[in-house]
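This report refers to the structure that appears directly beneath it.
In this chain, residues are counted from 1 in sequence order. Atoms within each ligand, like the ligands themselves, are counted from 1 in listed order. This one's a predicted model, so the numbers in the text were calculated from it and none came from an experiment.
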Amino acid sequence: MQSLVFFVVGLSLIGSIASSSSSIQDFVDQLLSNYDNKLDIIEKNPFLVDRIYRYYQQTYPRTEQSRNLDLTILMKRKQIFKENLKMILAHNQNPQSTFKLKLNHMSDWTDEESAAIRAKIPVEPIKTMSRIDTVQQRTLTVPDTYDWRNQTRVPNAVTPIKDQRHCGSCYAFAMVGALEKTYAQIYNTSGPLSPQQLIDCSYESGCEGGSFVGTFRYIKDNGDRLNLEKDYPSTPNGAKQDKCQNSSGQLLNYNQTFALQYRQLPTNNEAYMKQTVYQQGPIYVYYNAGKREGNNTILREASTKFDHYATGVYDVPGCPTHENMNHAMVIIGYGTENGTDYWLVKNSWGAAWGDNGYIKIKRNSNMCGIATWPYYAGLF
Ligand SMILES: *[C@@H]1O[C@H](CO)[C@@H](O)[C@H](O)[C@H]1NC(C)=O
Ligand SMILES: *[C@@H]1O[C@H](CO)[C@@H](O)[C@H](O)[C@H]1NC(C)=O
Ligand SMILES: *[C@@H]1O[C@H](CO)[C@@H](O)[C@H](O)[C@H]1NC(C)=O
Ligand SMILES: *[C@@H]1O[C@H](CO)[C@@H](O)[C@H](O)[C@H]1NC(C)=O
Ligand SMILES: *[C@@H]1O[C@H](CO)[C@@H](O)[C@H](O)[C@H]1NC(C)=O
Ligand SMILES: CC(=O)N[C@H]1CO[C@H](CO)[C@@H](O)[C@@H]1O
């Protein structure tokens, strides 16, 4: 009987909330706020799932190209959406968790679509020994909390969130994120740099992935030059273009005293990473963003939770630290929230993802390999 009553309540709520601008997660939370057995309600009311999913589709309409009217695909998407909805509701009920999840534009993506924005990162063994940062301990005392978005040492060191779209080009976005502080330092203005130039011109693998070292080498070979994003814009869907459109760009050095260089940080040394983030600027990290194909439970968990992260400190115990490194992001700060140390990380999946495009990832436990292969680049 309860579910029948619920239907009526649910439908009237849909009518009133759908017209406001509340997020899909707020919508669901309000809809289910009076129920303890949220998962049961979802499981027993297919009609309710239909209505929530319809609201979701209105919130995130698909573009013409990706709209697929094939009924089996539509049913499959709805099933994926339902599984994600249940996973999110279950996670958010856990009072022990240090973070919350939310529905977003990725909540009905197939495994293949999720895989497409993950990249193949060529493993870079410690072959470039000369580039390893050998200052094993910086002696500097650094603040306990730091955020490169708010500081005054180098105004505009962090630019607005970008979106790599359906392309495994995180490596290019992370590279520009790591260099934009250097641009701001040289030109004293905000300089969103062009990931598209790196995707098209660097001889890395376009939307199939690439490496820090490969993209850095391209910039050096290009005379320390990289275009601003406005002069070399991204393609509408993030895809690689057939040829390099413009290999000129802004000079990323000042004078003979300092050269544009990079260093790889010693692996799994987060105290040192913290000092480096404060002293040098944002750093580039490889990361295990999970995987849904196959039967690896922990990788699947790391994938679905990462995709739906909302707020708090992300922590998936047991997330592998040396395998499945398939993403690159930029650490732009660090701190402690409710007793849990975190890295403040800039992603390139748009501002609708995560906490306005950012994520706090647990610090001092090499969470998902964040401390396995860190790099920084700049003038020194
Ligand atoms: C940098 O730009 C800011 C604002 O545009 C200006 O106030 C400041 O004087 C500039 N600093 C230098 C060193 O040119
Ligand atoms: C290439 O980009 C530069 C800005 O970096 C611009 O001045 C130039 O006109 C562009 N060239 C072409 C052929 O688009
Ligand atoms: C290069 O720039 C640095 C930082 O602004 C400055 O200290 C140094 O004197 C400059 N060197 C030359 C040769 O201009
Ligand atoms: C995953 O497990 C299911 C059932 O246990 C099995 O049918 C399937 O073949 C497995 N898939 C892979 C990729 O191992
Ligand atoms: C910190 O913990 C308190 C009590 O558990 C909770 O109410 C609060 O939301 C938490 N703060 C953050 C930022 O997660
Ligand atoms: C500590 C602090 O003030 N952090 C702020 C830095 O700036 C971002 C946005 O630019 C805010 O969201 C943070 O709260």
Between [X] (side chain only) and [Y] (backbone N and O only), is there a donor and an acceptor less than 3.5 Å apart?
X      : Y      : answer
Thr235 : Ala239 : yes
Asn45  : Ile41  : yes
Arg165 : Gly238 : no

- Does the protein place any heavy atom closer than 4.0 Å to atom 14 (O) of ligand 1?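 Flag for atom 14 (O) of ligand 1 set to true, protein heavy atom closer than 4.0 Å.
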- Any protein heavy atom lying closer than 4.0 Å to atom 7 (O) of ligand 2?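 Looking at atom 7 (O) of ligand 2, one finds that no protein heavy atom lies closer than 4.0 Å.
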- Query: For atom 3 (C) of ligand 1, what is the nearest protein heavy atom, given as residue, atom name and distance?
  - Reply: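 The closest heavy atom on the protein side is Asn188 ND2, 3.7 Å.
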- Message: Suppose we measure from atom 2 (O) of ligand 2 to each protein heavy atom; which comes out shortest, and what is that distance?
- Response: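 For atom 2 (O) of ligand 2, the nearest protein heavy atom comes out as Asn246 ND2, 2.3 Å.
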- In plain terms, say whether Glu293 and Arg300 are close enough for a salt bridge, that is, a side-chain N and a carboxylate O under 4.0 Å apart.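 Arg300 and Glu293: not salt-bridged.
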- Message: Please check whether Asn227 reaches ligand 2 - meaning an N/O of the residue sits under 3.5 Å from an N/O of the ligand, judged on distance alone.
- Response: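 The answer is yes, given that Asn227 and ligand 2 share an N or O pair closer than 3.5 Å.
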- Query: Any nitrogen or oxygen of Gln245, main chain or side chain, under 3.5 Å from a nitrogen or oxygen of ligand 2?
  - Reply: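 It does not: no N or O of Gln245 is found under 3.5 Å from an N or O of ligand 2.
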- Message: For Trp148 together with Tyr334, are the ring centres under 6.0 Å from each other?
- Response: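 No, the ring centres sit 6.0 Å or more apart.
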- Message: So if I count the atoms of ligand 2 from 1 in the order they appear, which ones are less than 4.0 Å from some heavy atom of Ser248?
- Response: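 The atoms of ligand 2 under 4.0 Å from a heavy atom of Ser248 are 1 (C), 2 (O), 3 (C), 5 (O).
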- Should the heavy atoms of other residues, nucleotides or ligands under 6.0 Å from OH of Tyr60 be counted, would the total exceed 12?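 Check passes, neighbour count above 12.
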